[in-house]
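Have a look at the structure below, then the notes.
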Amino acid sequence: MLAPSVGIVAPVSSLADAEAAIAAGADELYCGALFDDAVAIFGDGEVLSRRQGRPAHVRTPDELAAIAALGTSTGHRVALTLNGRYSSSEQPRILELAVTWEAMGGGTVMVADPALIVWLHERCPRLSVHLSLLAGVFNSASARLFASLGVTRIVLPRDLCIDEMAAITAAVPEVEYEALALHQKCRFVDGMCGFYHGVRIPENVPADFAYERVAGTELAVAWCDDPAYEGHGCELAWVAGEERALPPRCDDVGAPHCAACQIAALARAGVHHLKIAGRGFPTVLITRAVRFLRLAVGIWDRAKSEEGARRTVITAYSRAFGSSCDADRCYYRLNAEGDW
Amino acid sequence: MTVEHAVWADWRRVRASELPATARIYLGHETCEHLLPPVSTALELARAARDLGTRLTLACPFLTEPGIAAALRLTEALQRTVDHVEVAASDWGLLSRVRGSGATPVLGRLLTAQVTDPRLLRLLRPEDGFEREREVVHADGTRCVLRRRRPSAALAHHYQSVWCDRPDAAAFLAALGITRCELSCPQHGLALDAASPLRYSIHVPDALVAAMRRCPAGDHDRDAAVRCRSLSCTGDEVTWRCGGLELIRIDNALYHRSSAAPACHAPGAVDRVVDHALLRS
């Protein structure tokens with residue numbers, strides 16, 4: 001066995017998502033919540049959790065309660081994502097949501113706001129607190145600080161290499177560690193990104209918002225915060241002079257960033273929870289991701305050699321996503337020298 | 001209230017003899033651990049500042065294990081040379097260690113998590129004449145008009161404020177010995193609580209928008225974990241453009257520079273301005 005017990009954490013935005021992710025083999029789930037009253041005040045951007053759009057969030061308290069109940073009945077941890085850094089305007093709503101989640105039987109929250117951690121331990125003591133990668137734990141001293149605040153799991157930043165993760169987990173072994181393993185590797189350091197993540201309304205997909213009839217136009221009217229939103233900063237086609245300044249983002253549908261070849265290395269580095277990014281992705285993409293990682297974990301479990309396991313996983317990637325694996329899509333390097 | 005004038009001194013470009021007589025200098029690097037100054041260079045600048053009666057702030061970015069060790073060595077060396085060293089760090093680990101060393105920890109710009117995207121002006125000041133509506137045709141043939149929703153006061157406050165401005169957050173920071181935070185003044189302005197026990201430094205003229213683990217280099221340095229060749233990072237400015245957006249890349253970070261001074265509703269809370277332009281040329 002080359003990969004000691006490793007769990008898969010899947011993003012969900014609805015009860016249907018949650019049921020499908022569990023059926024596909026997810027060990028844990030995480031979700032955000034964005035209800036109508038919050039949208040009326042804060043819009044559907046990234047204010048209450050660092051993910052934009054209603055499709056990326058559970059929309060009603062009843063559905064959130066149902067997801068909590070599902071997690072409890074099936075023995076799957078569900079983490080409510082409260083991973084913004086909150087001004088005094090939205091803080092009351094966040095605190096209310098945390099209290100509600102605890103009352104619903106939700107066992108875990110994932111946060112990035114350090115002062116919120118302190119509040120949660122005082123007011124919601126039954127909740128386990130996981131630290132989002134947005135908090136930016138790049139070294140063991142940071143991990144130690146958050147462990148002292150009562151955090152029980154740390155999601156490590158996308159920007160670390162595996163050796164760097166190992167140094168942190170070895171120095172602070174009293175918390176669990178989680179890392180992204182599929183989808184959405186960003187060029188910019190997530191927790192330190194000042195780009196605004198709005199909702200882009202493309203023309204080529206059905207939209208998901210309420211229309212109104214308004215005098216003065218025969219067309220249905222939909223309201224949004226920023227009709228001209230071009231996309232996230234990392235998605236834009238920046239040029240420096242005549243040249244492209246950034247490589248294009250990977251296509252998460254056909255060729256996602258992936259750490260499936262690195263499962264054993266991550267486990268040796270103390271990372272035993274693999275996170276799938278993509279709250280708001282269609283259910284079919286989430287279940288595909290879960291199945292692929294579940295398959296990859298099984299390959300590593302049965303493998304007799306690392307080289308053999310890696311080759312088998314690479315083949316599985318091609319079958320799952322329809323494209324060849326490429327070094328550009330590896331989520332992590334082994335070390336700062338750039339070795340695989 | 002008196003506003004302290006501080007000057008950013010890029011150690012790669014500024015000689016000790018060129019330091020101006022000002023209240024404070026900042027040295028170090030806000031976004032890249034490989035661009036922290038060698039101890040000898042930092043001490044040379046620190047001695048010059050001390051001789052001018054200028055106070056010192058060491059700026060540090062997010063740090064890996066070797067980086068935090070280097071930052072602590074730098075801090076200790078500076079403390080042996082000058083009094084009252086401040087360390088403005090965007091790293092929770094370093095901040096937690098600095099307090100015990102006797103230096104004064106300050107929350108760095110990257111940890112204040114400001115949203116500084118210049119496009120927020122479209123969101124928050126729709127009366128400024130930005131596009132107000134556009135027609136959209138969906139895949140199913142449905143046509144609709146997208147209109148701009150006026151932002152609520154709460155939404156505007158979210159983008160103009162910072163998390164550390166909350167009373168509970170200020171208390172959390174105070175427990176770590178932190179009573180000052182470093183901020184950008186983004187195009188859409190700042191709104192801070194005058195009653196907050198925190199004090200703020202504003203860095204001008206550039207709002208820090210994003211940081212990368214490594215600078216783009218060569219074929220865009222596709223892998224951010226590959227060790228960078230820091231000798232090639234000279235602090236030169238590279239303009240990035242996309243449509244009507246323009247940002248400045250300096251080393252591994254992106255900044256927005258605007259000629260118009262943004263509104264800063266922070267009566268009494270801002271008591272320091274850090275000028276990055278004075279010694280730039």
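The model shown is predicted, which means the values in this text are computed figures rather than measured ones. By convention in this document, chain letters (A, B, ...) are assigned in the order of the sequence lines, proteins followed by strands, and residues within each chain are numbered from 1.
Annotation for B:Glu65 and A:Ala167: closest pair CG-CB, 3.8 Å, computed over non-hydrogen atoms.
Ring orientation note: the planes of B:Trp92 and A:Phe146 are nearly perpendicular, at an angle over 60° on the 30°/60° scale. Aromatic ring orientation, B:Trp240 versus A:Trp238: tilted (interplanar angle from 30° to 60°).
Remark: A:Thr217 OG1 to B:Glu133 CD distance equals 7.5 Å, nearest 0.5 Å. Note that OG of A:Ser142 is 4.0 Å distant from CG of B:Asp91, once rounded to the nearest 0.5 Å. Atom CG in B:Leu123 sits 10.5 Å away from atom OH in A:Tyr229 (nearest 0.5 Å). A distance of 8.0 Å separates OH in A:Tyr211 from CG in B:Leu146, rounded to the nearest 0.5 Å. A distance of 6.5 Å separates CZ of B:Arg119 from CZ of A:Phe195, quoted to the nearest 0.5 Å. In this structure, CG in A:Leu160 is found 6.0 Å from CZ in B:Arg213, a value given to the nearest 0.5 Å.
Within the 4.5 angstrom heavy-atom criterion, no atom of A:Leu134 approaches chain B. The contact between B:Leu254 and chain A is made entirely by side chain atoms (from C-beta outward), counting heavy-atom distances below 4.5 Å. The contact between B:Gln114 and chain A is made entirely by backbone atoms, counting heavy-atom distances below 4.5 Å. A:Val214 touches chain B through its side chain: at least one heavy atom from C-beta onward sits under 4.5 Å away, while N, CA, C and O do not. Proximity to chain A involves both the backbone and the side chain of B:Leu63, based on heavy atoms less than 4.5 angstrom apart. Of the two parts of B:Val238, only the side chain, counted from C-beta on, holds a non-hydrogen atom closer than 4.5 Å to a non-hydrogen atom of chain A. For a residue to count as touching a neighbouring chain, one of its non-hydrogen atoms must lie under 4.5 Å from one of that chain's; by this rule A:Asp225 touches chain B with backbone and side chain alike. Looking at A:Ala135, only its backbone comes within 4.5 Å of chain B, counting heavy atoms on both sides. If you measure heavy-atom distances from B:Thr31 to chain A, you find no contacts under 4.5 Å at all. For A:Ser140, the parts lying under 4.5 angstrom from a heavy atom of chain B are both the backbone and the side chain. Of the two parts of B:Ser96, only the side chain, counted from C-beta on, holds a non-hydrogen atom closer than 4.5 Å to a non-hydrogen atom of chain A.
B:Glu33 has its side chain out of reach of A:Asn139: every pair of non-hydrogen atoms, C-beta onward, lies at least 4.5 Å apart. When side chains are defined from C-beta on, A:Val118 does not count as touching B:Asp168, because their heavy atoms never get closer than 4.5 Å. A 4.5 Å side-chain heavy-atom check between A:His197 and B:Asp117 finds every atom pair outside the cut-off. Taking the side chain as every heavy atom from C-beta outward, A:Leu246 and B:Arg249 never approach each other to under 4.5 Å.
Checking side-chain atoms of B:Arg166 against main-chain N and O of A:Tyr86 turns up a donor-acceptor pair under 3.5 Å. No donor-acceptor distance shorter than 3.5 angstrom exists from the side chain of A:Arg85 to the backbone of B:Trp163, with no hydrogens or angles considered.
Of the listed residues (B:Ala211, B:Ser161, B:Ala113, B:Gly243), the greatest number of heavy-atom pairs within a distance under 4.5 Å of chain A belongs to B:Ala211. Counting heavy-atom pairs closer than 4.5 Å to chain B, the top-ranked of the candidates A:Pro114, A:Cys193, A:Cys234, A:Ala240 is A:Pro114. For chain B, the option among A:Ala141, A:Ala237, A:Gly194 with the highest count of heavy-atom pairs below 4.5 Å is A:Gly194. Among the candidates A:Gly241, A:Gly231, A:Ala40, A:Gly198, the residue making the largest number of heavy-atom pairs closer than 4.5 Å to chain B is A:Gly231. Between chain A and the options B:Val209, B:Thr116, B:Leu245, the largest number of non-hydrogen pairs under 4.5 Å is found for B:Val209.
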Side chain to side chain contact (heavy atoms under 4.5 Å, CB included) assessment of A:Leu145 paired with B:Leu176: CA-CA 10 Å; A:Leu145 170 66; B:Leu176 289 176; 4.0 Å; yes
Worked check of salt bridge (charged side-chain N to carboxylate O under 4.0 Å, His left out) between B:Arg148 and A:Asp226: CA-CA 6 Å; B:Arg148 182 181 307 282; A:Asp226 184 5; 3.8 Å; yes
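Other residues, nucleotides and ligands contribute at most 12 non-hydrogen atoms within 6.0 Å of the CZ atom of B:Arg97.
At a threshold of 4.0 Å, the pair A:Glu230-B:Arg122 counts as salt-bridged, since one of the basic side-chain nitrogens sits closer than that to a carboxylate oxygen.
Partner of A:Ser89 under the side chain to side chain donor-acceptor pair (under 3.5 Å) criterion, out of B:His158, B:Gln160, B:His157: B:His157 alone.
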